[in-house]
K.L.:
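Quick one: this structure, given as C-alpha cells, is what I'll be asking you about.
In what follows, residues are counted from 1 in the order of the sequence shown.
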Amino acid sequence: MTRGFSSSLPVMVVVSAIAFVYFCTVFVFIDRWFGLMTSPGIMNAVAFTGVAVMCVLNYVFAIFMDPGRVPSTFLPDIEDSKVPIHEIKRKGGDLRYCQKCSHFKPPRAHHCRVCKICVLRMDHHCTWINNCVGHANYKVFFVFVVYAVIACMYSLVLLVGSLTNDSQNDKQQSADSFGILYVISGLLLVPLSIALSGLLGWHIYLILQNKTTIEYHEGVRATWLEERAGNIYKHPYDLGAYDNLATVLGSNIICWICPTSKHIGNGLHFRTAYDGLPVASTSK
C-alpha cells in the first residue's frame, strides 16, 4: 500500500547527498585509483552501483510505503483466547482508544502527531523519509540503513585508496582539479558513516529484542516500576533472538536484505512470550 507524498527539504538533502557520493565514488575515486575502464575499475563500479541501487530502492519504498494504519473498524476482542495480551491505559485501565482518530488502538499501535494517523507497531516518525516508520515499512527502512552504511564505508575506502594511490606526477593536478571534491566527500562521509552505523546498531539491538523505539522507552519505565514492586519485567514480544529476527525480517535469511514484506501479517496481532498461557493484560 502506497501513500501520497509532498516535497520535503530533508528528503531533497538525502537525495542530493546520495547523488553526490555516487558521482564522486564512481567517476573520481574509482577512476583515479583503478581507471574506470580497467577490470578492477569496472568490478568496483558495478559493485558500488549495485549497493547504491539497493540503497535508493529501499529509500523510495520507505518514503512512499504506507507505514500501516489502524483500520477504523478495529475492535479488540477481549474474549479471544488467541490474543493473550490486551494493552490498557495506565490511568483507568481501559482499553486503549485514540480520541483523535475515534477508534480503538491494537497492541503496539500509536498515534503520530505529524502524520495524524494511528500507526501499527509504530517505531518513530522519521524526518529524513518524511514518513512514519511502522509495521509495513519498518523492514525497508532498516534495509535502507544497512545499504547506506555499506555504501558510506565502501566509498570511504575508495576515497582513501584513491588519495594514497595518486602518483607523484599527478598530485598537483589532483589538488587543483579534485581537491575540493575529496574534502567535501570526506566531510560528508565520515560523520555519515558514524551516524548511520550508530543508527544501524541501535535498530539491530531493537530487532533482537523485538522492540520498537517507543517500546524501548516504555520498557525503561516498566522495568523501574516492576523492580520497585519486587518483580522482573520481561518484554512480552521477546521470542528469542532468532524468532525476533524472523518476525521482523522474515524466515528466509536470503531475503533479510531484500525489500520483501509478505511475512509481516496484518499488524493487529503479534506472537508473544505468553502464547498458550492464560489471558493477561499489560499496561502501556
K.L.:
Side chains of Asn44 and Tyr154: any donor to acceptor distance under 3.5 Å?
P.N.:
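The criterion, which ignores hydrogens and geometry beyond distance, is satisfied for Asn44 and Tyr154.
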K.L.:
Looking at CG of Asp238 and CD of Glu215, how far apart are the two atoms once the value is rounded to the nearest 0.5 Å?
P.N.:
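Rounded to the nearest 0.5 Å, the CG-CD separation comes out at 11.0 Å.
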K.L.:
If you compare all heavy atoms of Phe20 against all heavy atoms of Ser185, which two are closest, and at what distance to 0.1 Å?
P.N.:
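What the structure gives for the nearest pair is CE2-OG, 3.6 Å.
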K.L.:
Does Ala246 offer a backbone N or O that forms a donor-acceptor pair with the side chain of His263 under 3.5 Å?
P.N.:
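No, His263 side chain to Ala246 backbone: no donor-acceptor pair under 3.5 Å.
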K.L.:
Do Val60 and Val145 land in one hydrophobic cluster if side-chain heavy atoms of ILVMFWY residues count as linked below 4.5 Å?
P.N.:
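Yes; tracing contacts between hydrophobic side chains, which count when under 4.5 Å, links both residues.
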K.L.:
Would Arg108 pass as a cation-pi partner of Phe270, given that its NZ or CZ must be under 6.0 Å from the six-membered ring centre and within 45 degrees of the axis?
P.N.:
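Yes.
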K.L.:
List the atom of Phe48, the atom of Ala151, and the distance in Å for their closest heavy-atom pair.
P.N.:
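Closest heavy-atom pair between Phe48 and Ala151: CE1-O, 3.5 Å.
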K.L.:
Taking the six-membered ring for Trp, are the ring centroids of Tyr138 and His124 within less than 6.0 Å of each other?
P.N.:
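No.
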K.L.:
Spell out, as yes or no, whether a donor-acceptor pair under 3.5 Å connects the side chain of Asn58 to the backbone of Val143.
P.N.:
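Checked: no pair found.
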K.L.:
Would Val21 and Ile30 show up in the same hydrophobic cluster when neighbours are defined by side-chain heavy atoms closer than 4.5 Å?
P.N.:
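In one cluster: yes.
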K.L.:
Calculate, to the nearest 0.5 Å, the distance between atoms NZ and SG belonging to Lys262 and Cys255 respectively.
P.N.:
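Going from NZ on Lys262 over to SG on Cys255, the span is 9.5 Å.
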K.L.:
Is Leu196 linked to Val51 within one hydrophobic cluster, defined over Ile, Leu, Val, Met, Phe, Trp and Tyr using a side-chain heavy-atom separation of less than 4.5 Å?
P.N.:
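Same hydrophobic cluster.
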K.L.:
Using the benzene-type ring in the case of Trp, are the ring centres of Tyr147 and Tyr59 under 6.0 Å apart?
P.N.:
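That pair fails the under 6.0 Å test.
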K.L.:
Kindly indicate whether the side chain of Val248, heavy atoms from C-beta on, has any atom under 4.5 Å from the side chain of Arg121.
P.N.:
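They are in contact (side-chain heavy atoms under 4.5 Å apart), so the answer is yes.
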K.L.:
Return the CZ to OG1 distance between Arg271 and Thr247, rounded to the nearest 0.5 Å.
P.N.:
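With rounding to 0.5 Å, CZ (Arg271) is 5.5 Å from OG1 (Thr247).
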K.L.:
CZ/Phe29 to CZ/Phe178 distance, rounded to the nearest 0.5 angstrom?
P.N.:
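One gets 10.5 Å once the value is rounded to the nearest 0.5 Å.
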K.L.:
Between Thr38 and Gly35, is there a donor-acceptor pair closer than 3.5 Å when you use the side chain of the first and the backbone of the second?
P.N.:
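Yes, Thr38 side chain to Gly35 backbone: donor-acceptor pair under 3.5 Å.
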K.L.:
Would you mind reporting whether Phe144 and Val56 have side-chain heavy atoms less than 4.5 Å apart?
P.N.:
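Of all side-chain heavy-atom pairs linking Phe144 with Val56, none is under 4.5 Å.
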K.L.:
Quick one: does Asp123's side chain have a donor or acceptor within less than 3.5 Å of a partner on Gly134's backbone?
P.N.:
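Not a single qualifying donor-acceptor pair exists.
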K.L.:
Looking only at heavy atoms, which two atoms of Ala109 and Leu120 are closest? And how far apart?
P.N.:
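Closest heavy-atom pair between Ala109 and Leu120: CB-CA, 4.2 Å.
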K.L.:
List in chain and number order the residues that pass side chain to side chain contact (heavy atoms under 4.5 Å, CB included) with Val114, two or more places apart in sequence or in another chain; answer none if no residue qualifies.
P.N.:
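Partners of Val114 under the side chain to side chain contact (heavy atoms under 4.5 Å, CB included) test: Cys112, His125.
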K.L.:
With hydrophobic residues grouped by side-chain heavy-atom distances under 4.5 Å, do Met122 and Phe64 end up in a single group?
P.N.:
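Cluster IDs for Met122 and Phe64 differ.
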K.L.:
Do side-chain atoms of Ser155 reach the backbone of Cys152 as a donor and acceptor pair under 3.5 angstrom?
P.N.:
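Not a single qualifying donor-acceptor pair exists.
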K.L.:
Sequence neighbours excluded, which residues qualify as side-chain hydrogen bond (donor to acceptor under 3.5 Å, both in side chains) partners of Ser251?
P.N.:
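In terms of side-chain hydrogen bond (donor to acceptor under 3.5 Å, both in side chains), with neighbours along the sequence ignored, Ser251 is linked to no residue.
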K.L.:
Looking at Asn210 and Tyr237, would you say the former's side chain and the latter's main chain have a donor-acceptor pair under 3.5 Å?
P.N.:
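Present.
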K.L.:
State which residues pass side chain to side chain contact (heavy atoms under 4.5 Å, CB included) with Leu156; sequence neighbours excluded, sorted by chain then number.
P.N.:
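With neighbours one apart ignored, the set is Leu189, Val190, Ser193.
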K.L.:
Evaluate the side-chain proximity of Trp202 to Thr213: yes if any heavy-atom separation is below 4.5 Å, no if none is.
P.N.:
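Yes, close enough: below the 4.5 Å cut-off.
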K.L.:
The test is side chain to side chain contact (heavy atoms under 4.5 Å, CB included); show your working for Leu208 and Asn244 and say whether it passes.
P.N.:
CA-CA 6 Å; Leu208 289 174; Asn244 291 340; 5.6 Å; no
K.L.:
Please report the interatomic distance CG(Leu159) to CG(Leu163), rounded to the nearest 0.5 Å.
P.N.:
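So the CG of Leu159 and the CG of Leu163 are separated by 5.0 Å.
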K.L.:
Could you tell me if Ser102 and Tyr97 have a donor-acceptor pair between their side chains, going purely by distance under 3.5 Å?
P.N.:
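No pair is found: no donor N or O on one side chain lies under 3.5 Å from an acceptor on the other.
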K.L.:
Asn130 side chain to Val11 main-chain N or O, any donor-acceptor pair under 3.5 Å?
P.N.:
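Checked: no pair found.
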K.L.:
Is the shortest side-chain heavy-atom distance between Cys118 and His103 below 4.5 Å?
P.N.:
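Yes, close enough: below the 4.5 Å cut-off.
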K.L.:
Ile254 and Cys258: which non-hydrogen atoms are nearest, and at how many Å?
P.N.:
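The pair with the smallest heavy-atom distance is O-SG, 3.8 Å.
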K.L.:
Looking at every non-hydrogen atom in both residues, tell me the closest pair between Leu239 and Ala273 and how far apart they are.
P.N.:
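Looking at all heavy atoms of both residues, the shortest contact is CD2-N, 3.8 Å.
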K.L.:
Find out whether Thr212 and Leu206 are in side-chain contact, i.e. whether some heavy atom of one side chain is under 4.5 Å from a heavy atom of the other.
P.N.:
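Answer no - side chains too far apart.
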K.L.:
Mind checking whether Ile184 and Leu192 sit in one hydrophobic cluster, side chains of I, L, V, M, F, W, Y counted as touching below 4.5 Å?
P.N.:
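Hydrophobic grouping puts Ile184 with Leu192.
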K.L.:
State, with a plain yes or no, whether a side-chain heavy atom of Arg69 is found less than 4.5 Å away from one of Val119.
P.N.:
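Heavy-atom side-chain distance check fails, nothing below 4.5 Å.
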K.L.:
Report the C-alpha distance between Gln99 and His111 in whole Å, list the side-chain angles of each, state the deciding distance to 0.1 Å, and finish with yes or no for side chain to side chain contact (heavy atoms under 4.5 Å, CB included).
P.N.:
CA-CA 10 Å; Gln99 300 292 342; His111 185 84; over 6 Å; no
K.L.:
Take atom OH in Tyr216; do more than 12 heavy atoms of anything else shown fall under 6.0 Å from it?
P.N.:
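Incorrect, the count does not exceed 12.
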K.L.:
Within a 6.0 Å radius of atom CD1 on Ile257, are there more than 12 heavy atoms belonging to other residues, nucleotides or ligands?
P.N.:
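It does not: Ile257 CD1 has 12 such atoms or fewer within range.
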K.L.:
Compare all side-chain heavy atoms of His235 with those of Lys211 and state whether any distance is below 4.5 angstrom.
P.N.:
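Of all side-chain heavy-atom pairs linking Lys211 with His235, at least one is under 4.5 Å.
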K.L.:
Please find out if less than 6.0 Å separates the ring center of Phe27 from that of Phe23.
P.N.:
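Yes, the ring centres sit under 6.0 Å apart.
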K.L.:
Walk me through it: do Met54 and Val146 pass the test side chain to side chain contact (heavy atoms under 4.5 Å, CB included)?
P.N.:
CA-CA 10 Å; Met54 289 301 294; Val146 171; over 6 Å; no
K.L.:
Is it the case that the side chain of Asn137 and the backbone of Cys132 share a donor-acceptor pair, with hydrogens and angles ignored and the cut-off at 3.5 Å?
P.N.:
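Yes: the side chain of Asn137 pairs with the backbone of Cys132.
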K.L.:
So which atom in Ile214 and which in His110 form the shortest heavy-atom distance, rounded to 0.1 Å?
P.N.:
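Scanning both residues completely, I find the closest heavy atoms to be CG2-NE2, 3.6 Å.
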K.L.:
Would the distance check show the side chain of Trp256 and the main-chain N or O of Gly250 forming a donor-acceptor pair, the cut-off being under 3.5 Å?
P.N.:
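Present.
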K.L.:
Quick check for you: to the nearest 0.5 Å, what is the distance between Leu158 atom CG and Asn165 atom CG?
P.N.:
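Those atoms lie 11.5 Å apart.
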K.L.:
Does a side-chain heavy-atom distance below 4.5 Å link Thr49 with Tyr22?
P.N.:
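A side-chain contact under 4.5 Å exists here.
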K.L.:
Show your reasoning for whether side chain to side chain contact (heavy atoms under 4.5 Å, CB included) applies to Tyr182 and Cys24.
P.N.:
CA-CA 8 Å; Tyr182 280 101; Cys24 290; over 6 Å; no
K.L.:
Between Lys105 and Arg96, is there a donor-acceptor pair closer than 3.5 Å when you use the side chain of the first and the backbone of the second?
P.N.:
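Here the side-chain-to-backbone pair does not exist.
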